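The structure displayed is predicted, hence computed values, not measured ones.
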Amino acid sequence: MKQQEPEIHVGVMQADEVTFCLHGCYDAPDGPVSGPAVCVLQQGLILWNGRLHARLTFTPRSHTDFFSLSSVSIGKGFHWQQTEEQQFFGTLILTVASGRIGVINRIGAEQYLQSVISSEMSAQSPSELLKAHAVISRSWLMHALGQRSVLPEPTGRTDAGRWIRWYERDAHRAYDVCADDHCQRYQGFGRLLPAAVSAVQETRGEVLTSGGQVCDARFSKCCGGVTERFQTCWADTSFDYLQPVRDADRQPLPDLTDEAQARRWITSSPRAFCNTQDRTFLSRVLNLYDQPTTDFYRWQVRYTAEQLTDLVNRRSGLDIGTVEDLAVMRRGASGRIEQLKIVGSHRTVVVGKELEIRRLLSETHLKSSAFVIDRAVDGSYVLTGAGWGHGVGLCQIGAAVMAAEGRDYRTVLAHYYPAAEIGRLW
Ligand SMILES: [Zn+2]
Ligand SMILES: [Zn+2]
């Protein structure tokens, strides 16, 4: 499996005008350039130095050269969205994409990962957690590069009584990965964390592998005590390395596909690595925007019958009528509901999978689809749930606790991906 460390193309931003500054000497179409520059979209092409170009490449002569970009938007879709100046090593490429100027950074995979781990993780995270994440991020990247030529899979099947959908990441065409949460957050090297840089260096080239292939190393915030199978959330495919794991030492794996066991599990608070209420610890390991949420291991939401009827009809676009009942049809290994029957006065429909259920039963998304349903005396629906996110693969909060308790990254990865090995690609 040995190979060269690849260079990757990261889509950083799109704009009608791009202001940047080249710190160092860069080779450009008309010879060497440096210093500030502006490119403007004109007649569907890029105007630079008085000429129009379909694509412009600025290649640094030295690996210490860097360029800065003004007005890069970060936190898209979050309440803290803002713009900032960012700095990048590697090559700057400007191209025309979807009628705008697309800014692409070509950079070595390891340097890219140093920025990703710095952007995604907190500086105070345990170093073994940073290393585990470096291996996962590298696996994710190499798996994503391998998927670029693969046709998208179908993402659902719907008929009169069934509404089963799942959501996979769409691949990009003009570049390998974007700089946003859609792929992995990449904010240049302006705020590299020394601990993140070491974590990437100390795991250089390491990826999770299974059967000679790089793993599709999924992860989520909090499993809820047991991790989920791939097929509860996405296509009906099984992966050896994405099997249910009891997120604790020496505890039996309950059968949460069984309704009675699932109810006992979700309405109690079993011991698990991710069952932590330590706010100081959580604020150290979670990103700033995640911190307001602390009820992730067990949680509850409540809707009046009218609210639920309104939500389900509006969010699904299906004319279900008044919701009369919710019934669990099928649960996955972590207790997450894969298929939920919604009984309405106009029609009854079975909805799935995991993310679609979370989307239909909340203005945003429910924390997870691992919940039990109770009716209060006034007819309200009370959903009592477990976990945060799809629950497949590594549990981030559990992994943080494992690392903080002194386990090394290999032990953490072996716990969440029991059938995977760590291989070194370069
Ligand atoms: Zn993306
Ligand atoms: Zn967990």
Side-chain angles (χ1 to χ4, degrees), residues 76-78 140 143-144 147 152-159 162-171 178 180-184 216-239 242 244 256-257 262 266 274 289-290 293 295-297 299 301 303 308 311-318 320 323 326-342 349-373 381 383-397:
K76 258 177 224 144
F78 291 98
W140 181 91
H143 188 266
Q147 292 292 305
E153 300 265 334
T155 53
R157 42 175 191 273
T158 54
D159 55 47
R162 287 157 57 82
W163 181 261
I164 309 295
R165 291 174 152 194
W166 57 94
Y167 299 86
E168 278 289 2
R169 192 185 66 95
D170 299 321
C178 71
D180 256 320
D181 287 295
H182 172 265
C183 290
Q184 303 195 77
D216 186 356
R218 311 261 163 161
F219 60 90
S220 71
K221 281 269 151 38
C222 171
C223 69
V226 173
T227 67
E228 189 49 80
R229 282 197 169 84
F230 182 88
Q231 55 269 47
T232 303
C233 305
W234 299 286
D236 294 321
T237 319
S238 169
F239 294 94
L242 297 177
L256 302 180
T257 62
I266 292 169
C274 53
Y289 73 95
D290 291 331
T293 307
D295 61 333
F296 46 77
Y297 192 69
W299 47 264
V301 293
Y303 298 119
L308 187 71
L311 257 183
V312 166
N313 281 278
R314 193 158 40 80
R315 301 280 286 169
S316 70
L318 302 171
I320 291 168
V323 175
L326 299 176
V328 176
M329 303 299 287
R330 187 191 295 172
R331 286 188 192 270
S334 73
R336 281 170 175 78
I337 303 174
E338 184 187 336
Q339 293 189 9
L340 178 74
K341 180 155 83 177
I342 304 177
V349 62
V350 175
V351 299
K353 295 186 174 186
E354 175 264 346
L355 188 62
E356 188 69 353
I357 293 169
R358 290 164 62 195
R359 192 180 75 77
L360 295 187
L361 294 185
S362 164
E363 289 294 351
T364 50
H365 283 92
L366 280 181
K367 283 205 182 69
S368 85
S369 76
F371 56 85
V372 290
I373 306 135
Y381 289 82
L383 310 184
T384 305
W388 185 12
H390 53 67
V392 178
L394 179 134
C395 166
Q396 286 180 296
I397 291 171

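- Under the 30°/60° scheme for interplanar angles, the aromatic rings of W299 and F371 are found to be tilted.
- Inter-residue side-chain proximity for S334 and C223 is flagged as unmet; no heavy-atom pair is nearer than 4.5 Å.
- Of all non-hydrogen atoms in T227 and A333, the two that sit nearest each other are O-CB, 4.2 Å.
- One distance of note links CD1 of I373 with OG1 of T384; it measures 10.0 Å at 0.5 Å rounding.
- Considering only heavy atoms from C-beta on, K221 stays 4.5 Å or farther from F296 through its side chain.
- Taking 4.0 Å as the cut-off between side-chain N and carboxylate O, R359 and E356 count as a salt-bridged pair.
- To the nearest 0.5 Å, the span separating CG on L242 from CD on E228 amounts to 10.5 Å.
- For C395 against C222, the heavy-atom pair with the smallest separation is SG-CA, 3.7 Å.
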Checklist entry - Would K353 and D236 satisfy side chain to side chain contact (heavy atoms under 4.5 Å, CB included), going step by step from the backbone distance to the final call? => result CA-CA 11 Å; K353 295 186 174 186; D236 294 321; 2.8 Å; yes
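- Side-chain atoms of L326 and I342, non-hydrogen and from C-beta on, do get closer than 4.5 Å to each other.
- Ion pairing between a basic and an acidic side chain is recognised when a charged N comes within 4.0 Å of a carboxylate O; R314 and E363 show such pairing.
- Smallest separation of non-hydrogen atoms from E354 and S369: CG-OG, 3.5 Å.
- Two residues are said to be in side-chain contact when any heavy atoms from C-beta on lie closer than 4.5 Å; L355 and H390 fail this criterion.
- Here the closest heavy-atom approach between residue V372 and residue R331 is recorded as CG1-NH2, 3.6 Å.
- Interatomic distance, CD1 of I266 versus OH of Y297, reported as 10.5 Å (0.5 Å rounding).
- In this structure, the separation between CH2 on W163 and CG on L318 is 5.0 Å, given to the nearest 0.5 Å.
- Side-chain N or O atoms of W234 include one that pairs as donor or acceptor with a backbone N or O of Y167 at under 3.5 Å.
- For the pair C233 and W166, the minimum side-chain heavy-atom distance is 4.5 Å or more.
- Contact check for L340 versus L361: side-chain heavy atoms found under the 4.5 Å cut-off.
- Contact between Q184 and W140 at its shortest, heavy atoms only, is NE2-CE3, 2.9 Å.
- The closest donor-acceptor contact from the side chain of R315 to the backbone of T364 lies under 3.5 Å.
- With a 4.5 Å cut-off on side-chain heavy atoms, I164 and Q339 count as touching.
- Considering only heavy atoms from C-beta on, L383 stays 4.5 Å or farther from K367 through its side chain.
- Here the shortest heavy-atom pairing between T237 and Q231 reads O-OE1, 3.2 Å.
- Checked by atom type and distance alone, the side chain of S368 pairs as donor or acceptor with a backbone atom of A386 at under 3.5 Å.
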